[in-house]
Amino acid sequence: IVRLSPLTIDRLLAVLANESDNAVRKLLAKALTLRNPPEQGLIPTLIYCLHRAKNDSVRLASLRILKTNGTSVAAVGPVLWERVKDKSPTVRLEAIRWLGETGPPAKPAASHLLSALSDEDLQVRRAALEALRRTGTRRKDGLHLIGRAQRDPDPLVRCLAVEELVELGAADRVAVPLLIADLSNPEELSRCTVDALGAAGHFNRDVVPALVTVLQGKEPLSKSRAASALMQLGARAREAIPGLIQAQKDQVPGAENALRVIRESAPHSSRSHRNRY
């Protein structure tokens, strides 16, 4: 396959879309690694190249031009969905991002997005979860696959899977111990975990006790992040008040704010805690 620069590919695609001479069209098609020339017109040319071009860069260019020109996902149809399984990870990623940005109209591609949760490429798996959330996909087989994504090697994928489960009303499927373990990750990764625990804790009764256990541990960062997650739960974290009081005494960052928020949102129960501690 001939290596072509992105600019050259864009120019060849534009010429091919408008060229009427059959001999020239065949030469252009060959240069773009197509067996046969497509139907005339920009959209038919790009869709055909997206589906048939052997060159990864040609498929990628076709995909990007279609998206930039405002072509609807419906107009591209299954040709776009199939690119979620393209041999090129870059093409797969671009296709998934387009589907995610489209939102609910991209629901017909749900099975392809779900299959991407086990993709070998990390960025593809992350983008697939984001796209599933944006499309509002709700499928029984999807819950199983999203639940399994909580055991992904990547902490952000695990966290995104939890957020999706909560949004789909399946917080009971959240693997709380796995999520708790991720509180010790670097800040850029643990930030998502704190938010996910805060969201899951509104529906999953295992979250608050697990966070209280973290407060009683020895890892300062994890304790601070546990306090942040509890703060998001407000009144639902009433049982964490004793642990937060101790954490405040131990000068755990965030404990004081969490304690204040929980007390303000649960004034009756907090009085009894104040009297006892």
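Position 1 is the first residue of the sequence; numbering continues from there.
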Using only heavy-atom distances, determine whether the side chains of D195 and Q232 contain a donor-acceptor pair under 3.5 Å.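 Side chains of D195 and Q232: pair found under 3.5 Å.
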
Go through the side-chain N and O atoms of S5 and T8 and say whether any donor and acceptor fall under 3.5 Å apart. yes

On a heavy-atom basis, which atom in [X] and which in [Y] lie closest, and how many Å separate them?
| X | Y | result |
| --- | --- | --- |
| A171 | A200 | CB-O, 4.4 Å |
| D86 | R92 | O-NH1, 2.8 Å |
| S57 | I9 | CB-CD1, 3.5 Å |
| V73 | W98 | CG2-NE1, 3.9 Å |
| E163 | C192 | OE2-SG, 3.8 Å |
| P108 | P105 | CD-O, 3.4 Å |

Contacts under 3.5 angstrom, residues 123-133 side chains, donor-acceptor by atom type, not counting sequence neighbours:
| unit_1 | atom_1 | unit_2 | atom_2 | d |
| --- | --- | --- | --- | --- |
| R125 | NE | D152 | OD2 | 2.7 |
| R125 | NH1 | D119 | O | 2.9 |
| R125 | NH1 | E120 | O | 3.4 |
| R125 | NH2 | D152 | OD1 | 3.1 |
| R126 | NE | D154 | OD2 | 3.0 |
| R126 | NH2 | D154 | OD1 | 2.9 |
| R126 | NH2 | D154 | OD2 | 3.3 |
| E130 | OE1 | R133 | NH2 | 2.8 |

Going only through I, L, V, M, F, W and Y residues with side-chain contacts under 4.5 Å, is there a path from [X] to [Y]?
| X | Y | result |
| --- | --- | --- |
| L113 | L168 | yes |
| L197 | V261 | no |
| V212 | I245 | yes |
| L178 | L221 | no |
| Y48 | I65 | yes |

Name of the residue among L165, V157, V176 meeting side-chain contact (heavy atoms from CB on, under 4.5 Å) with Q150: L165

Could you check I47, L63, L46, L66 and say which one makes a side-chain contact (heavy atoms from CB on, under 4.5 Å) with V79? I47

Should [X] and [Y] count as side-chain neighbours, where that means a heavy-atom distance under 4.5 Å?
| X | Y | answer |
| --- | --- | --- |
| P38 | P44 | no |
| R158 | L179 | no |
| N22 | P37 | no |
| K87 | R59 | yes |
| T45 | E39 | no |

Looking at [Y], is its backbone amide N or carbonyl O close enough to the side chain of [X] to form a donor-acceptor pair, meaning the two atoms are under 3.5 Å apart?
| X | Y | value |
| --- | --- | --- |
| D21 | A23 | yes |
| R25 | L16 | yes |
| S62 | V58 | yes |
| Q40 | N18 | yes |
| R238 | A235 | yes |
| S265 | I262 | yes |
| D250 | V252 | no |
| T33 | A53 | no |

Kindly compute the distance separating [atom1] ([X]) from [atom2] ([Y]), expressed to the nearest 0.5 Å.
| X | Y | atom1 | atom2 | result |
| --- | --- | --- | --- | --- |
| R173 | R148 | CZ | CZ | 12.5 Å |
| L93 | R83 | CG | CZ | 14.5 Å |
| K223 | Q216 | NZ | CD | 9.5 Å |
| S190 | D182 | OG | CG | 9.0 Å |
| L50 | E82 | CG | CD | 9.0 Å |
| E239 | L230 | CD | CG | 9.0 Å |

Determine, step by step, whether E19 and L28 satisfy the side chain to side chain contact (heavy atoms under 4.5 Å, CB included) criterion, reporting the C-alpha distance in whole Å, the side-chain angles of both residues, the deciding distance to 0.1 Å, and the verdict. CA-CA 9 Å; E19 180 60 52; L28 290 168; 4.2 Å; yes

Ion pair present between E94 and R64, side-chain N to carboxylate O less than 4.0 angstrom?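 Yes, charged N to carboxylate O under 4.0 Å.
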
With A106, which residues qualify under side-chain contact (heavy atoms from CB on, under 4.5 Å), at least two apart? L99, T102, T135

Going by side-chain contact (heavy atoms from CB on, under 4.5 Å), name the residues that satisfy it together with T68, two or more places apart in sequence or in a different chain.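 With sequence neighbours excluded, T68 shows a side-chain contact (heavy atoms from CB on, under 4.5 Å) to no residue whatsoever.
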
For a side chain to side chain contact (heavy atoms under 4.5 Å, CB included) check, start with the C-alpha distance between L183 and L211, then their side-chain angles and the critical distance, and finish with the verdict. CA-CA 10 Å; L183 286 174; L211 289 171; 4.1 Å; yes

Between L4 and L12, is a side chain to side chain contact (heavy atoms under 4.5 Å, CB included) present by the stated rule, with each step listed? CA-CA 10 Å; L4 302 171; L12 289 175; 4.0 Å; yes

Should we say atom CD of E188 is surrounded by more than 12 heavy atoms from elsewhere, each under 6.0 Å from it?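 Atom CD in E188 is packed in, count exceeds 12.
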
Mark yes when over 12 heavy atoms from residues, nucleotides or ligands other than R11 sit less than 6.0 Å from its CZ; otherwise mark no. no

Begin with the C-alpha distance, continue with both residues' side-chain angles, and end with the deciding distance and a verdict on side chain to side chain contact (heavy atoms under 4.5 Å, CB included) for K67 and E101. CA-CA 10 Å; K67 181 180 174 182; E101 291 168 12; 3.0 Å; yes

